[in-house]
**Student:** 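Quick one: structure below, then a few questions.
Fair warning: this is a prediction, and the values are worked out from it, not measured in the lab.
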Amino acid sequence: MRGQAPNAVPLPANNPAQRTSRSDWPTLKRLLPYLWEYKWRVLLALLFMVGAKLSNVGVPLLLKELVDRMGVQPSDPSALWVVPAALLLAYGGLRFLTSFFTELRELVFAKATEGAVRSITLQVFRHLHALSLRFHLERQTGGVTRDIERGTRAINSLISYSIYSILPTLIEVTMVLTLLAIKFDLWFAWITIGALLAYISFTVSITEWRTKLRRRMNELDSVAHSRAIDSLLNFETVKYFNNEEFEARRYDENLEGYRRAAIRSQTSLSLLNTGQQLIIACALVAMLWRATQGVIDGRMTLGDLVMINAFMIQLYIPLNFLGVLYREIKQSLTDLDKMFKLLDQPCEVADQPDAKALQLPTASGAPDGPPAPVAVRFEEVHFAYDPARPILHGVSFEIPAGKTVAVVGPSGAGKSTLARLLYRFYDIGVAPQGGDQATDTMSSKSGRITIAGQDIRQVTQDSLRQAIGIVPQDTVLFNDTVEYNIAYGRPGASRAQVEAAARAAHIHDFIVATPTGYDTMVGERGLKLSGGEKQRVAIARTLLKNPPILIFDEATSALDSANERAIQAELESASHGKTTLVIAHRLSTVVNAHQILVMEKGRIIERGRHTELLAADGVYARMWSIQQRTPT
């Protein structure tokens with residue numbers, strides 16, 4: 001039975017849009033330094049803007065002179081053509097200068113605008129990569145990309161509307177009010193000021209109300225977009241369970257919520273536009289009535305009437321657009337604030353201020369020589385993703401330099417957590433609620449992890465991860481070529497080096513058998529390849545990186561038995577002389593490890609070589625017996 005669309009679609013609990021909105025000034029203050037890098041362009045653009053407005057205000061003045069001159073009969077008939085012709089040429093010249101200065105302003109300021117967009121967007125991109133794994137596991141890809149997309153557009157809109165529209169309009173209003181007050185009586189200025197105050201007050205009050213509606217509409221749009229992206233990324237799962245219609249109904253519920261919000265927003269827009277036009281119409285009638293009365297009384301000329309009418313048209317056309325600009329500026333500030341909030345996301349795992357690069361010994365002793373094997377130690381390591389659910393309880397073991405240690409045990413025992421901690425995707429200790437940076441991660445109660453005697457929390461993450469290579473259980477590839485995905489292990493590697501790594505991973509023959517070879521596109525997340533092919537690409541990528549420390553997290557889990565045996569031999573060859581941590585379910589893949597650790601519920605319950613553990617007739621022996629009887 002088809003469910004009815006709800007009146008409102010709930011937002012995810014961790015959606016940044018639900019947080020209390022900040023004022024606009026902090027957002028503007030954060031934007032200004034990016035623009036001030038181009039201060040000379042900003043100042044030059046402002047100069048051109050003033051020139052454009054001076055030219056624009058001069059147009060009605062020339063129009064007045066032209067009308068007045070046409071009403072006077074000169075004694076010399078030739079003057080009837082000379083004076084109007086000169087005024088017409090000046091009129092056309094001012095019109096041209098208005099456009100000319102406007103285009104110069106936009107041309108000069110374009111570099112500042114695009115430079116600010118580039119700087120901010122790149123900073124957000126870098127920051128997102130610097131955030132911890134916890135953030136990326138909890139985020140919604142569609143919503144984050146939508147916030148970045150809107151924020152980028154908001155910078156262009158904000159600069160365009162404020163510098164190109166709002167500020168020029170304010171300058172023109174000041175010039176017109178000054179002229180009206182000097183040339184005529186103050187009533188013209190008071191009528192204009194009164195209309196402006198009424199217009200601005202009405203626009204601001206209604207727009208503030210509309211902003212809440214627009215914000216809700218954009219939040220619902222982000223939710224709908226996120227769920228659509230999530231559904232499309234998992235289209236195989238959708239088809240496996242025949243849930244296309246369920247996904248369509250779920251998406252339609254979000255679209256219905258967005259439709260309702262959009263209708264409310266449009267209704268408020270119509271109300272705003274109607275009120276604005278009423279204020280403008282009343283002001284125009286009052287101004288022209290007073291000007292007409294002045295012409296009748298002889299206090300003003302016909303040219304004065306034409307000039308005032310031209311001023312009002314020039315003034316109220318941009319002023320009419322001012323309501324739209326204000327709304328767009330408010331929306332742009334909201335969108336930009338959302339992108340800045342991404343920059344405000346705390347880095348749960350951050351380098352210490354005095355962090356140094358990981359120091360690795362070299363085999364030859366020369367500074368630029370190949371790294372020598374190093375020892376990795378876990379010392380009384382405690383860890384929990386959530387305080388209510390501890391994962392590791394005082395885990396201690398050592399991977400001697402150049403040796404292989406395997407970790408086995410049931411799912412949920414904490415095996416993959418060891419790899420995540422070694423990579424510093426998380427810092428050891430009890431992770432705080434909400435994902436904020438822990439205050440006690442350096443506590444001795446949490447233990448420590450060392451590489452070559454150095455606490456990994458005291459070295460830079462970049463140098464740490466440069467020393468480690470991993471073949472994960474779930475391999476995700478970029479939507480690019482096979483060569484790109486293998487070469488990602490060492491950007492800049494030659495084709496020969498990529499092919500050598502592919503041969504070592506037993507995937508070269510498969511690649512060259514495809515029509516486009518190493519230029520074959522692997523598809524979104526590598527979905528054009530089978531699970532085994534993706535895993536072999538991941539193995540090739542890690543072999544190409546050639547780090548001193550290797551992690552194999554179920555590295556052959558997606559391979560058939562024949563390929564598993566072949567690649568297992570290559571993995572053992574690749575790990576020769578390297579410090580290797582192997583995480584496995586299949587015990588047959590770790591029989592040659594120098595030490596095997598058996599984990600259960602976050603603790604090491606057995607350790608030893610394969611033969612020793614079988615002889616102990618404990619948990620490992622029972623697991624081995626079960627797997628020997630059960631085909632895998």
Side-chain angles (χ1 to χ4, degrees), residues 358 360-361 363 370-379 381 395-409 413-423 449-453 456 464-465 467-473 489 501 504-506 535-536 538-557 559 563-599 604-616 619-621 623-624 627:
L358 180 66
L360 298 175
V374 293
V376 175
R377 290 179 60 87
F378 282 67
E379 302 175 6
V381 172
V395 173
S396 297
F397 66 91
E398 179 181 6
I399 310 176
K403 303 299 183 180
T404 298
V405 170
V407 182
V408 299
K415 303 186 301 298
S416 294
T417 299
L418 298 176
R420 290 178 171 182
L421 292 177
L422 184 57
Y423 250 103
I449 302 173
T450 63
I451 295 177
I456 63 173
L464 170 68
R465 291 165 187 160
I468 307 173
I470 186 169
V471 180
Q473 180 177 3
H506 286 260
Q535 210 152 27
R536 281 183 284 176
I539 293 170
R541 185 165 58 190
T542 302
L543 294 177
L544 181 62
K545 183 179 181 180
N546 193 31
I549 302 171
L550 293 175
I551 301 174
F552 298 133
D553 187 359
E554 300 289 346
T556 60
S557 62
L559 303 176
N563 276 316
E564 181 186 39
R565 284 192 293 271
I567 291 182
Q568 190 63 37
E570 293 295 338
L571 292 179
E572 290 178 4
S573 175
S575 61
H576 180 70
K578 296 183 182 296
T579 305
T580 307
L581 174 64
V582 179
I583 298 168
H585 278 294
R586 300 182 192 175
L587 304 186
S588 59
T589 63
V590 299
V591 293
N592 294 325
H594 296 95
Q595 187 179 51
I596 300 172
L597 309 177
V598 182
M599 290 192 67
I604 298 175
I605 57 174
E606 292 180 357
R607 66 179 75 202
R609 297 184 67 90
H610 173 69
T611 53
E612 295 170 350
L613 291 172
L614 289 180
V619 174
Y620 181 87
M623 292 170 60
W624 176 264
Q627 290 191 14

**Student:** Fit a plane to each ring of H610 and Y620, take the angle between them on a 0 to 90° scale, and name the class: parallel (under 30°), tilted (30 to 60°) or perpendicular (over 60°).
**Tutor:** perpendicular
**Student:** What are the two closest heavy atoms between I604 and S396, and how far apart are they?
**Tutor:** CD1-O, 3.6 Å
**Student:** What is the minimum heavy-atom distance between A505 and L543, and which atoms define it?
**Tutor:** N-CD1, 4.3 Å
**Student:** Determine the minimum heavy-atom distance between P547 and G469, stating which atoms define it.
**Tutor:** CG-N, 3.2 Å
**Student:** The criterion is side chain to side chain donor-acceptor pair (under 3.5 Å); which residues satisfy it with R609, sequence neighbours excluded?
**Tutor:** none
**Student:** Work out which heavy atom in V471 is nearest to a heavy atom in A538; give both atom names and the distance.
**Tutor:** CG2-O, 4.0 Å
**Student:** Once you round to the nearest 0.5 Å, how far does CD1 of I470 lie from CZ of R541?
**Tutor:** 10.5 Å
**Student:** Taking all heavy atoms of L358 and all of A467, pick out the closest pair and write down the distance.
**Tutor:** CD2-CB, 3.9 Å
**Student:** With sequence neighbours left out, write down each residue that passes side-chain contact (heavy atoms from CB on, under 4.5 Å) with A401, or none if nothing qualifies.
**Tutor:** P373
**Student:** Report the distance from atom CZ of R465 to atom CD1 of I549, rounding to the nearest 0.5 Å.
**Tutor:** 13.5 Å
**Student:** Under the 3.5 angstrom rule, does the side chain of T404 hit a backbone N or O of H594 as a donor-acceptor pair?
**Tutor:** no
**Student:** Could you work out, with side chain to side chain donor-acceptor pair (under 3.5 Å) as the rule, every residue matching T417, not counting sequence neighbours?
**Tutor:** Y385
**Student:** Working note: I539 + F552, criterion side chain to side chain contact (heavy atoms under 4.5 Å, CB included); need CA distance, chi angles, decisive distance, verdict.
**Tutor:** CA-CA 9 Å; I539 293 170; F552 298 133; 5.9 Å; no
**Student:** Mind checking what makes ring-ring contact (aromatic ring centres under 6.0 Å, His included) contact with H585, not counting sequence neighbours?
**Tutor:** none
**Student:** How many angstroms lie between CD1 in I449 and OH in Y423, if you round to the nearest 0.5 Å?
**Tutor:** 13.5 Å
**Student:** What I'd like to find out is whether the side chain of I451 reaches to under 4.5 Å of the side chain of L422, using heavy atoms alone.
**Tutor:** yes
**Student:** Run the side-chain contact (heavy atoms from CB on, under 4.5 Å) test against A615 and tell me which residues pass, sequence neighbours left out.
**Tutor:** none
**Student:** To the nearest 0.5 angstrom, please state how far the OG1 atom of T542 sits from the CD1 atom of I468.
**Tutor:** 12.0 Å
**Student:** Once side chain to side chain donor-acceptor pair (under 3.5 Å) is applied, do any residues pair with K578, and if so which ones, sequence neighbours excluded?
**Tutor:** N546
**Student:** Do L418 and F397 pass the side chain to side chain contact (heavy atoms under 4.5 Å, CB included) test, and can you show the C-alpha distance, the side-chain angles, and the key distance before you say yes or no?
**Tutor:** CA-CA 11 Å; L418 298 176; F397 66 91; 4.1 Å; yes
**Student:** Just jot down the salt bridge (charged side-chain N to carboxylate O under 4.0 Å, His left out) partners of E612, sequence neighbours excluded, or say none.
**Tutor:** none
**Student:** I'd like to know whether V376 forms a side chain to side chain contact (heavy atoms under 4.5 Å, CB included) with L581, so could you lay out the CA-CA distance, the side-chain angles of the two residues, the decisive distance to 0.1 Å, and finally the verdict.
**Tutor:** CA-CA 9 Å; V376 175; L581 174 64; over 6 Å; no
**Student:** Please tell me if the side chains of T579 and P548 come closer than 4.5 Å, counting only heavy atoms from C-beta onward.
**Tutor:** no
**Student:** Could you tell me whether the side chain of K415 and the main chain of M599 form a donor-acceptor pair under 3.5 Å?
**Tutor:** no
**Student:** Just jot down the side chain to side chain donor-acceptor pair (under 3.5 Å) partners of T450, sequence neighbours excluded, or say none.
**Tutor:** none
**Student:** If you draw a 6.0 Å radius around NZ in K545, do more than 12 non-hydrogen atoms from other residues or ligands fall strictly inside?
**Tutor:** yes
**Student:** Does any part of the side chain of V591, heavy atoms only, come nearer than 4.5 Å to the side chain of W624, both counted from C-beta?
**Tutor:** yes
**Student:** State which residues pass salt bridge (charged side-chain N to carboxylate O under 4.0 Å, His left out) with R607; sequence neighbours excluded, sorted by chain then number.
**Tutor:** none
**Student:** Taking only residues two or more places apart in sequence or in another chain, which ones pass side-chain contact (heavy atoms from CB on, under 4.5 Å) with I605?
**Tutor:** V598, E600, V619
**Student:** Of all residues at least two apart in sequence or in a different chain, which pass the salt bridge (charged side-chain N to carboxylate O under 4.0 Å, His left out) check with E379?
**Tutor:** R377, R448
**Student:** Passes side chain to side chain contact (heavy atoms under 4.5 Å, CB included), I399 versus T580? Steps please.
**Tutor:** CA-CA 7 Å; I399 310 176; T580 307; 5.9 Å; no
**Student:** Got P400 and V405 here, is their nearest side-chain heavy-atom distance under 4.5 Å?
**Tutor:** yes
**Student:** Of all heavy-atom pairs between A584 and V590, which one has the smallest distance, and what is that distance?
**Tutor:** CB-CG1, 3.7 Å
